[in-house]
Each structure stands twice: as structure tokens, then as C-alpha cells.
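Working notes, beginning with the structure itself.
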Amino acid sequence: MLMAAFSATISDSSRFLSSTSLPKRKISASSPRCRSFSLPKPFPLSRLNICSRLERGKSFTICAQASVSDISVEKSMGKVNLPKGDMWAVHKFGGTCVGTSQRIKNVADIIISDDSERKLVVVSAMSKVTDMMYDLINKAQSRDDSYISSLDAVLEKHNSTALDLLEGDDLASFLSQLHHDVSNLKAMLRAIYIAGHVTESFSDFVVGHGELWSAQLLSYVVRKNGLDCKWMDTREVLIVNPTSSNQVDPDFLESERKLEKWFSQNPSKIIIATGFIASTPQNIPTTLKRDGSDFSAAIMGALFRARQVTIWTDVDGVYSADPRKVSEAVILRKLSYQEAWEMSYFGANVLHPRTIIPVMRYDIPIVIRNIFNLSAPGTKICRSASEDVDGQNLDSPVKGFATIDNLALVNVEGTGMAGVPGTASAIFGAVKDVGANVIMISQASSEHSVCFAVPEKEVKAVAEALQSRFRQALDAGRLSQVAVIPNCSILAAVGQKMASTPGVSATLFNALAKANINIRAIAQGCSEYNITVVLKREDCIRALRAVHSRFYLSRTTIAIGIIGPGLIGATLLDQLRDQAAVLKEEFNIDLRVMGITGSRTMLLSEVGIDLSRWRELLKQKGQVADLEKFTQHVHGNHFIPNTALVDCTADSNVASCYHDWLRKGINVITPNKKANSGPLDKYLKLRALQRQSYTHYFYEATVGAGLPIISTLRGLLETGDRILRIEGIFSGTLSYIFNNFTGTRTFSEVVAEAKEAGYTEPDPRDDLSGTDVGRKVIILARESGLKLELSDIPVQTLVPEPLRATESAEDFMKQLPQFDTDMAKERQDAEESGEVLRYVGVVDAINQKGVVELRRYSKSHPFAQLSGSDNIIAFTTTRYKDQPLIVRGPGAGAQVTAGGVFSDILRLASYLGAPS
Ligand code: ADP
Ligand code: ASP
Ligand code: MG
């Protein structure tokens, strides 16, 4: 479903900005480099940018604009003025950074070693504590009295951390506060338990305790190191207004006033502040909602006009995609504010989405750093992200990818919508009335339908509201339906340069198509900072990996399943083993064998089988073979976007699965002739499916092993040549036999010699019967467009009639000499006319026929010049009419057949986007 995007409003940062209450700047007497001025209202984004740039540009003209009334407010307070500006460094430590007593000590070390003049540190609750607090509330509210033991666990966690970190008076005073808080909480939770209900402000009060305790603990530890440090309960400073959508808007003006007051009473060079918590204008405790500590830090950064806000977490920075979902994600060294905002909005939870807004106003850079890897420089988020950092191409049009799960699409459709003003307003009015959050909107330019994504949990109410709002239109048929498509996810590509780079969406959609992923809706905001697609939830991770590898790694990764580790399969596995590293390093192709299955045992791997040990692993770790389970494993492995099953058997049951595999988006590669030489209708269905889909089916090794026969034929046909005739020696065994049947030995002696040398099947009748050649002829005939069945090809067998029923191969070999005279006579007759005997297959495209038989060729004919077990194939076409196009070379044997299969795998990789 391709739709013209109709403003994905969520990516419109200017709208977002204008909803934030922005204060007038005040002058700061102690920060000569950071003067302030009153911003005109309203603040369009463009104006705001200019203002911010000027401000950090330290322009003197700006000093002149400082508001006189601002100065008087500060002076009239008559206390310690709050210095603002570059002397402040803001650090924020996430939950994992303060997860244990040892980690809290590390955090203290980082604070101490930062040589900034002044430091404001924002801390989250110890890791898991906020979850534990929410859990307490849920339990109490559902009258589950285990909330008591859960609260004890919270108490114990902080108690034991304090015992590890503190001693003497510090310890006593922290524990006394902790016990006091916990006994209050117990009373509160009891009340919630009795009421069986909790209000938002009760809940916010309870959950914010994690931050209160972690901030106090950390401040004790910093003070213990002899530094001047105060802790700040940010409920006394940060004032926020709740908004309707589970968000809060900071009141900067009021917060700034409170901060100045707080600072005048607690002047200090190091402040440890609680993240996450704040107060309403009525002084009621509230929170900045889940993961809100990043936002706290950004607000603090803005209030202090800090030099930088450093967000310490457990990853090296912002990755190009969630590292838990894409193992190859790379760290982005620099992001623009808009890019970071889009990434976080679309699910990169390394940063709270609203973090950017306050710092962007003052051009304060944010740096994301890993507390567990201090050597990593992290990601810098700032205004312009275009200059180069350490060779990383910052101009890459797509910076990163993120996903949002648990969405549903709502599609409002009907001919009565076209050209009717107010339809969109009525739709979204109804959605607003139920308080649902619209994440993406798309409208086809025909105006026939509007579709939008909302959180899955809100979709029922949305659908009901729309049904009722449009009852009349639905009844009258002006609207045909309000449909809900559940189980969707959003995948967003983010990057500032997408706006000016053609072809970005083509590449994105191409990568999705190649991974056989269906797109349900599309939106690209006018800002073009992002392209958003809606997909089935189950496809989401695979889609993320497909697009990520397409844009970021330019590495083509294919999950491979090998069916039949017999002679050819095993040789292929060994060839893959020997070549894998080169392919990865030099050609950017990453082939991972995720499974190997024989008829009895199979070996599955989550990350790729170690091919240097596959034989022993198959023996040791093999499980009972089950082709369905095998397929599911190899294809269901969402961490690799593309799958190929390689059928190295000669089994028609396996071949009968190809259609189903292609339908599922699994590419198929095989030397097995059964599918292409089987029933014509099935063959035609398979080829039709292959043509319609982006899924590939390659079978070069079915004819002539590794020789380029199918591809040569294809090349001729596709360039408009017409096949007149294909004639060739397609059997390595029969080639060997007739090349050596020169009159020096009897026919049976030559057959025995070929058997001895391993050129024949265990029972040479399988070769002499000619059926295998018949299959090759039918494959080429069909490839040339002839609609023939195998039974339409007359095959001359070289197995004498009386020996066809002979039990064993040995008996056959014993009796074969009885027929030597017949064969000797044929050879002799040929010899006398200057000819040789050759066993050939022929596709006669003019007469729409095929045949396999023993023929005589003049000694000067190319077929007479063969040696060993070579194949030779002559294509006579309209272009190659006088002299046929000839392909010649070894056409049998495990090495060359496996090589043919391998080259099909590489062809697949290049079809999937590997560089050539
Ligand atoms: P903290 O508790 O420090 O705030 P979070 O768990 O909120 O930490 O955020 C950090 C986590 O975000 C990382 O551990 C990572 O798993 C996840 N994450 C998701 N998307 C991204 C991304 N694009 N880049 C980095 N981290 C990401
Ligand atoms: N502790 C809060 C939470 O887990 C806030 C934060 O860590 O950012 O949601
Ligand atoms: Mg976080």
C-alpha cells in the first residue's frame, strides 16, 4: 500500500516546541559569557535557532538586551546569586550506573575527577528500583498483601548498599531517613490496599523514592571524599504542568525562580539532584514519567545554562539501531538535535524523547557515555552534525533506525471522503476525545482513505469512537469501513540528510522487499528527518536488520540451511568454511550456516555453525531431523534478514517443498534435478512464483555441475537470441566411457574401469540407463520455453534388455561382457565411416522435441575431441547459427558441483545487494 504522506505530525519539531512553556531568559551577573534576553513570543523554530546561536555565540549586543526587571529580581533577593553558564557541567547517571554500592563509588570517582568548576549531577534510582516501586503499587491496589515483603526487599536493597558505603553519622542519618520514608510508604500502601485504588499523585509520590534515596547515598559518598556537595530534592525546584498525554511540560520560569531560591540556601559547587521527580504548580509531587531522568538532566542543563550535559549509561553511545536487536549496530559519533529526537521518539530508549528540547534552546550539547567503558568517546548530540568525526561519514543520509511495537493501524475508508473538507478533523477529533495518541498518519492522495497508527491498547476505544462518530456516513455508505489492523510495528529511518538525498526511500523499500517484508503504511514527514513504515509485528526485527545492514554495513548477511550433507553437501560446507572469512572481509558477504540436516539428524545453531567442526558437531549435538522444524529455525531466525535453503539431496520430497519455501520468502538453491524435471504443472507454478516474487531460485548445478550452462542459456534468451538447438554430452560417466571406448578394450572393460575409478554410480545401470541425461534435457528444454514432460523425451538406454532386471550391480557387471559384441560392432561401423560414438542429449527447439540417444559424430566434430569425463554443450541459436556456442569442461564430481552451488549462493548475495 503506497500512500502519499500527509504530514506525520510527530516529526514536526516546531509544533512540539511550541507546546513547551518557555520562560523569558534572565541575566546572570556571574556569567559574563552567557547573557540572556527576552525572547519574542511566539517562538517559531527558525527564530529560536537564531536566538540560541547568538546566545552561545557570546555576542555583546545581546548583553544590551538584558531585561532590567530580571536583574532587579535577582538583586532584590539579596542572597547568594546562582551563577549560570559554562562553569556548570551536568552529569546524569542512569539506573545501572548506580546499581550497586561499587558502582555508586565509581560514579563518585567520575564526579570527583571532572575538573569543571561546578557540577550538577542528576541520578536515577538504583537499577530495577522504579520497577519495584510500581510493582508495590500494583500489588497494593489489587489487594495482594505481598506488597509488604516487596517493600521489605526495597528497604533491604538500600539498607545493605548504605552499609557498604557509609559509616558513623552519615550511615545513621541515611538509615534513619530511609526507615522513616519506608514507614510512611507502608502506611500509604496500606491505604491503597484498603481502597483498592491509587491516584496518579499517590503513585508518583511512591515511585519517586528510588531517586530520593540514590541521590542522598551518592551525596554522602561524594562528601566522604572531602568535597563540598549538597543533595537536591528536585520536587522543591522543578515545576511541571501535567498535559493530557501522560507527559508534563516544565514551567521554566517558575523552576528557575525556585532554583535560585534553593541555591541561595544551599550554595554549593557540587549538587546531586534527583532525576525523574518534580512538583506540580500546586506543590504536589509528580514525575517526568518513565525514563524521565534524562529529561530532568536536560531541564537542569537549561536552567544552569550548562556547558554540557553528559548522560552516563550502560552503552557506548547512541547506536545506529537498538544493539539488543541488531548485533552489528554501530555507535553514532555525532547526531543533530533533530536526529536524536527522532531516534528517541521512535523507540531508541537510550534517551528520553523530550531530553532534547530544553538543551536545544541554549545550544547545550549532550554527550552519551558508557560508565563501564570510559575509553569510548560516546555520542555527541548538538546543533550541526555534518562535520566529520574520525572518518565516520556523518553525511550518511540515514543515521539510524528505531522501532515501536504494540501498535494497531486504523483505516478509515470510503468514497464519500474525497473532497469533503473536515473529514480529517472529524476523525482526529474523535481520536482525541478518547485520549489516544496518534503515532503516524498517512492519507492516500485520492483521499479515499486515511490510515493512522495508535498504541494497540488504545485501538478499541478509537475504533468505537469512530464507529459512533461516523455512524451516519457508514450507514449511508459514504464511508465503507473503519478497519483495525492489529499487531503492527513501526520502523523509522532517521537522518537529517534524507531531505536532500534522492533515493533514500527507494533503498529502504528495496531492502524490505528483498527480505520479503510487506509494508502496510508509509509516512514521511515534510521535515524529512524520518521515513516511517508500518509492518507486521512479527516482521519487525527482521526488517530492522535488513534495512540496517543495507544502509549501514553494506554487508549482505544470509542465513543458510544445508539439506543433505552427503558428498556434494559436505564438499560445499568445506568450501564455505575455507572461503567465509574472505567473503566477509573482502566482499562484505556474511554467510551463516544456521542449520545442516541429513535424513536422520540435524544440527541447528542460533548464530551460525562453526564449519571447521560441523561433522563432529552434527554427531555430538545433532537432533532428530525434522524438515519443517529445520526450515522454521533457519528462516525464523530474525536476526538475519535473508534466508537460503540449499538442497543437496536428490530427493523429490525435498524438491516438493520449494514452492512453499519461495512463498515464505526463502530463497532456494539446488543441484537437485527433481523439481525442474518433475511434473510440468508443478514446475510452471514454481517458476511463475519465482518470477512474481523477490525470492530467488537458482539451480545452475542441475546441468553440467559447475559449468555455466543455465546462466549461458538465460543470457542468450534474455538478450533476445532464439534457441534453435541444444546438443550435448551431459553425463560425465558416459563421456568417460565413450572417450575411452576406442577399440583397445571391450565396452564392458571400459565400464568396469570407469566404475573402478569412481566415475559411475554404485550401480552403473543408473548411468547407462540415460534417465539422468533425460532429466537434464528436460530442464534445458523447459528453460528454453518448451512445455514438455519427462515422458515426452525418448531415452535410449544402454542397459541391454535382459540385464535390466538383474538383481545386483555385481551380477550386472558379470553379465555385461555377453553384450560386448553388439557394442563393438556399432563402434566398428562408426569407425569405418570416420566417426565416433557419443551418448548425447538433444533439445530440438524448432520441432519442440527432445531426445537422448547414442549418435555418431565425425572425428572432426568438437564432441569427438573430448577427453576424460568432460561435458560439452553446443547451443545453436539465431546468433550462433554457423558455429554453435560451446561450453566445455568437467561436468561431474563433488568439487565442481559444490562449486556450482556455491556460485549460486554468491549470485544470490549479489541479487540481495552485495557489492559486485
Ligand atoms: P539508563 O538506565 O542508563 O537510562 P536505559 O535502559 O534507559 O538506561 O537506556 C540504555 C539502553 O537503551 C541501552 O542499554 C540499550 O539497550 C537501549 N537502546 C535502545 N536503542 C538504542 C540505541 N539506538 N542506541 C543505544 N542504546 C539503545
Ligand atoms: N527511575 C526512573 C525510571 O526508571 C527514571 C529514570 O531512570 O530515568 O523510569
Ligand atoms: Mg534511560
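Whatever order the structure lists ligands and atoms in, that order sets their numbers, starting from 1. Given the structure is predicted, the values throughout are model-derived calculations rather than measurements. One-based numbering along the sequence shown.
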Can you tell me which portion of Val350 lies within the under-4.0 Å heavy-atom range of ligand 1? Options are side chain, backbone, both, or neither. both

How are the rings of Phe205 and His209 set to each other: parallel, tilted or perpendicular (split at 30° and 60°)? perpendicular

Residues Ser146 and Asp144: side-chain donor-acceptor under 3.5 angstrom: yes

Around atom 2 (O) of ligand 1, find the nearest protein heavy atom and jot down its residue, atom name and distance. Gly95 N, 3.3 Å

May I ask which of Asp322, Asp314, Asp291 has a heavy atom nearer to atom 11 (C) of ligand 1 than the others do? Asp314

Between Thr274 and Thr234: side-chain donor-acceptor atoms closer than 3.5 Å: yes

Taking atom 19 (C) of ligand 1 as the reference point, the nearest protein heavy atom with its distance: Asn349 OD1, 2.9 Å

Number the atoms of ligand 1 from 1 as they appear, then name those within less than 4.0 Å of a heavy atom of Gly317, with their elements. 24 (N), 25 (C)

Return yes when Gly275 approaches ligand 2 closer than 4.0 angstrom through a heavy atom, no otherwise. no

Distance-only N or O hit between ligand 1 and Ser320, under 3.5 Å: no

among protein heavy atoms, the one nearest atom 5 (C) of ligand 2 is Ser293 OG, 3.4 Å

OG-CG distance between Ser344 and Asp294, expressed to the nearest 0.5 angstrom: 9.0 Å

Between Asp131 and Lys128, does at least one N-O distance fall below 4.0 Å, as a salt bridge requires? no

Report, in ascending order of atom number, the atoms of ligand 2 lying under 4.0 Å from any heavy atom of Glu211. 1 (N), 2 (C), 5 (C)

Under 4.0 angstrom from ligand 2, any heavy atom of Lys289? no

Atoms in ligand 2 with a heavy atom of Arg290 nearer than 4.0 Å: 3 (C), 4 (O), 9 (O)

Testing the 3.5 Å rule here: is there a donor-acceptor pair between the side chains of Ser116 and Asp114? yes

Could you label the plane-to-plane angle of the Trp312 and His91 rings as parallel, tilted or perpendicular, counting under 30° as parallel and over 60° as perpendicular? parallel

4.0 Å heavy-atom contact, Ser124 with ligand 1: no

Between Asp249 and Asn241, a side-chain donor and acceptor under 3.5 Å: no

Can you tell me which residue and heavy atom of the protein come closest to atom 16 (O) of ligand 1, and the distance to 0.1 Å? Arg324 NE, 3.0 Å

Which option out of Ala125, Ser124, Ser296 puts a heavy atom nearest to atom 7 (O) of ligand 2? Ser124

So, for Asp164 and Ser101, which heavy atoms are closest and what is the spacing to 0.1 Å? OD2-OG, 2.8 Å

Do ligand 1 and Thr313 have nitrogen or oxygen atoms that lie under 3.5 Å from each other? yes

With heavy-atom distances below 4.0 Å as the criterion, list the atoms of ligand 2 near Phe276. 2 (C), 5 (C)

Backbone N or O of Pro353 within a donor-acceptor pair of the Trp341 side chain at under 3.5 Å? yes

Between ligand 1 and Lys325, can you find any atom pair, the residue atom being a heavy atom, that is separated by under 4.0 Å? no

Please write down residue, atom name and distance for the protein heavy atom closest to atom 4 (O) of ligand 1. Lys92 NZ, 3.2 Å

If the plane angle is over 60° it's perpendicular, under 30° parallel, otherwise tilted; pick one for Trp88 and Phe304. tilted

Considering the heavy atoms of Val315, write down every atom of ligand 1 situated less than 4.0 Å from one of them. 13 (C), 14 (O), 25 (C), 26 (N)

From atom 26 (N) of ligand 1, is the closest protein heavy-atom distance below 4.0 Å? yes

Between Ala321 and ligand 1, which residue portion shows a heavy-atom distance shorter than 4.0 Å: side chain, backbone, both, or neither? backbone

Any idea which protein heavy atom is nearest atom 23 (N) of ligand 1, and the distance to it? Tyr319 O, 3.0 Å

Can you say whether the rings of Phe551 and Phe401 are parallel (under 30°), tilted (30 to 60°) or perpendicular (over 60°)? tilted

Kindly compute the distance separating CD1 (Ile192) from NE2 (His197), expressed to the nearest 0.5 Å. 9.5 Å

